[in-house]
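The block underneath contains the structure these notes are about, expressed in structure tokens.
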Amino acid sequence: MEQSSILSQLNESQKEAVSLINGPEMVIAGAGSGKTRVLTYRIAYMLEQGIAPWRILALTFTNKAAREMTERILKLIGDQRAKAVQMGTFHSVFLRILRTEADKIGFTHFLSVYDTDDSKSLLRNIIKELNLDPKVYVVNYVLNRISAAKSNLLNAEDYAQNKDAVMYDKECGKPLVAEIFKRYNTRLHSSNAMDFDDILYYMNALLRDFPEMLFKYQNRFQYVLVDEYQDTNFAQYMIIKKIAAGHHNICVVGDDAQSIYGFRGADINNILNFKRDYPEAKIVKLEQNYRSTQNIVNAANAVIKNNNKQIPKTVWTDNEQGTPITVLSSSNESDEAALVCDSIFEIEHNFHVNYNDIAILYRTNMQSRALEECLIRKHIPYRIYGGTSFYARKEIKDLLAYCRLAINHYDEESLRRVINYPLRGIGETTVEKIIACAGEHGVRAWDIIENPQFFEVPVNNPTKERLTDFAAKIKSFTALLPSKDAYEMGKHIVFASGIIAALKADPSEKDRADNVEELLDAMKDFSENAEETTFNEETGELIEDFNPTLDRFLESVALLTDADQKEDENVSQVKLMTIHAAKGLEFDYVYITGLEENLFPSSLSIGSRKELEEERRLFYVAITRAKKVLTITHAQTRYRFGSLQFCEPSRFLDELPTSCLKTIEKASSGKGAFAKKSTIENDWANRTFEKKTAPAKPKLELDIAAIGRMAKPSDLKPETRIYHIKFGYGTVQRIEGPTGDQKATIFFDTLGEKVLLLKFAKLILPNK
DNA sequence: ATGGAGACCTTTTTT
DNA sequence: AGGTCTCCAT
């Protein structure tokens, strides 16, 4: 065969991974080895070989990854056919299919997707209805159990039959989880709704129970590609297996060393056992790292070596040695934040590094607070990814609930959400009566609301009238759906529902009103710009026609993840995110913070080897995000649950090879280099920077931690007892002056009155 | 009904 | 510590 121009841009193993398009193949792609490149080139190559785009199913973990890949393929082959590749997340591709085939599994095309909040809210209601103690039946526990079951393809009946599951719940003192599960599923079903896990569960059920469906989709998807295969769970594994059984053209790409979603049911064995599932499978290893310096690659390798279970591979790089990794020790989290911010300030100032090329990573979202405070203080632009997402906000959920309800009247969670918002005199008691009444009659809450007279709900007549009024309003929205696009609908609903009036009536709700506006903007953008390429299944003809209807907007929004947020390339901001959120990304400069025992590795993982190995993989992922410079920090104390905790440096620090590190002062005693009292000086900062950062003074700061914590201006009021390193204990007399330049008058026990500038004075708030 | 004070709980990680 | 939830007073 003639050498394809696509293949000529690849190294030998990449070429191998791309060009073997028939038969099963597993690509083990080490960090930074060009995994995305292989996937996109492979698809481009397939298209070039004449494979019809709609025969290709490519599954990713984020919409963003899918979008980027489509764009890259488009660029590679310069052909609109790229858009017709069935590329998307597991959830979005399968949801689309389930909508098409909804009647087969007892749903309608307009089914709702419950997000985690909706699921929790429904569970809370069920627990209440069963008169169970919500302190015993903790929603998170119940949801986790149900989610894990569904991810393993167990439905409520299977669960109730499963001795291990039932036994486990009994031992936890929660014997009725199976019963809650059953009711939860019944309610989801009668609400014409699915939760996230249902999308996978029902997709598998569709293929399992309907041979014609299996045939249809096996035939449609003759080539299956799966990205991040190490993070697939059992349900995903089974679906892929079923579809791929048709043509055996399955290509999975992943890295067992980067499997970090075990807690969510991802099973690393899916990748470890691929060869067993497909004995004829070709295994290709991508081991050359193009991303990072040698120091970083070596450090990552040394860390991951401590894990037992893995596919043997040697990641190496031709890149330069690079800057050694710096490990910084700080006395507490604000000190840690200050070290990071100072360092960022310096590199920006001295090397004109774009803030976009800098990322601060952490194990848990809560760690972002101290960092954020410091970034604000130092005027460093930043953006935090994750945390409460836009679409989880109350006002946004309210508006979306109206939208969902207009499309799917049976959506009980949406109904509950807005039936009395804005207030229309339908209280909690009435809602509960409706739900109870619906249960008795075996109908939906909506049926009752539409006709409260008929079902004899025990509420008074004015209330009944309010119910029918509400139903009429929703139906009036529904009537507009066929003729209006998402934006027109959104605009109409915002006004007609009274949401905007309610928000505008209260000046303190200004932010919320703005957020609603923002959602409308998103709807507008969707209505004007969304496009989609579909195809005629018989003729393979491309159809570019797209109707930006409200249901399509909701669909696009329901499965969004934080990673999917649009990037604004024009702004320059330091990025803050959890390590999980950073997977698949890369940055020139990376700061990994909070390398402390019980935080990273998390206290919840320390108990088992398996979970500890997952934490180590997480550390591996974190290290390998860095292209040029990696800085790792840990704090000696940290506030947790409102009280000061002493923190041992993470065991992972000891796994970093000294040859990759900057300077190490060996501790005179103790096991590892990072035994409590040792510090690593940031002499990298001293050498390169004109303006030195104040060197850390660990001894002094340890003392601070022992006495109390650094006082914030807001802590200081007259009568407050404080401690000053030089002047000793004293009592605050008064605080005066403008914020940021305040003066404190303090009466010291031994020295008498002194006036100190808060900006400079290191005042400590002693522990009681 | 509305709001405020106090209890209480949080912490992995997220599709 | 800080946010959410609950219960009590208005």
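In the text below, chain A, chain B and the rest are named by the order of the sequence lines, each starting its count at 1.
Checked options A:D197, A:D195, A:N204; the residue passing with A:K150 is A:D195 (criterion: side chain to side chain donor-acceptor pair (under 3.5 Å)).
For the pair A:R640 CZ and B:dC9 C1', the interatomic distance rounds to 15 Å; values are reported in whole Å. Rounded to whole Å, the distance from CD on A:E373 to C1' on C:dA1 is 11 Å. Protein atom NZ of A:K120 is 13 Å distant from nucleotide atom P of C:dT4, rounded to whole Å. Whole-Å rounding puts the A:R124 CZ to C:dT4 C1' distance at 10 Å. Across the protein-nucleic acid pair, A:I199 atom CD1 and B:dT15 atom C1' stand 9 Å apart, rounded to whole Å. For A:K64 and B:dT14, the NZ to P distance is 14 Å, given to the nearest whole Å. Residue A:L361 contributes atom CG, which lies 13 Å from atom C1' of B:dT13 at whole-angstrom precision. Atom P of nucleotide B:dT15 and atom CG of A:L59 are separated by 16 Å, given to the nearest angstrom.
The side chain of A:T364 lies closest to B:dT13 when the candidates are B:dT2, B:dT14, B:dT13. Considering only the side chain of A:H91, B:dT15 comes nearest among B:dT15, B:dT14, C:dG3. Checked against B:dT11, B:dT13, B:dT15, the side chain of A:R264 finds its nearest nucleotide in B:dT15. Side-chain proximity of A:F641 to the nucleotides B:dT13, B:dT10, B:dT15 is greatest for B:dT10.
No contact: A:L599 has no heavy atom under 4.0 Å from any strand. Residue A:Q367 is out of contact with every strand shown, counting any heavy-atom pair closer than 4.0 Å.
Under the stacking criterion of a centre-to-centre distance below 5.5 angstrom and an interplanar angle below 30°, A:F61 is not stacked against the six-membered ring of B:dT15. Here A:Y261 does not lie in a stacked arrangement on the base of B:dT14, lacking the combination of planes under 30° and ring centres under 5.5 Å apart.
The same atom, C1', is picked in B:dT11 and in C:dT6; the two are 22 Å apart, to the nearest Å.
Looking at which nucleotide of DNA chain B each of A:T116 and A:S605 is closest to, the 5′-most match is held by A:S605. Heavy-atom nearest nucleotides on DNA chain B were determined for A:N144 and for A:M366, and the one closer to the 5' end corresponds to A:M366.
Within the 4.0 Å cut-off from OP1 or OP2 of B:dT11, not a single side-chain nitrogen or oxygen of A:S603 is found. The phosphate of B:dT14 (OP1 or OP2) has a side-chain N or O of A:N365 nearer than 4.0 angstrom.
Listed by chain and number, the residues in a salt bridge (charged side-chain N to carboxylate O under 4.0 Å, His left out) with A:E413 amount to none (sequence neighbours excluded). Under the salt bridge (charged side-chain N to carboxylate O under 4.0 Å, His left out) criterion, A:R609 pairs with A:E613, sequence neighbours left out.
Side chains of A:E101 and A:Y217: a donor-acceptor N/O pair is present below 3.5 angstrom, by distance only.
Looking at A:K397 and A:D115, a side-chain N of the basic residue comes within less than 4.0 Å of a carboxylate O on the acidic one, giving a salt bridge.
In this structure, A:F196 has its ring center at least 6.0 angstrom away from the ring center of A:Y114.
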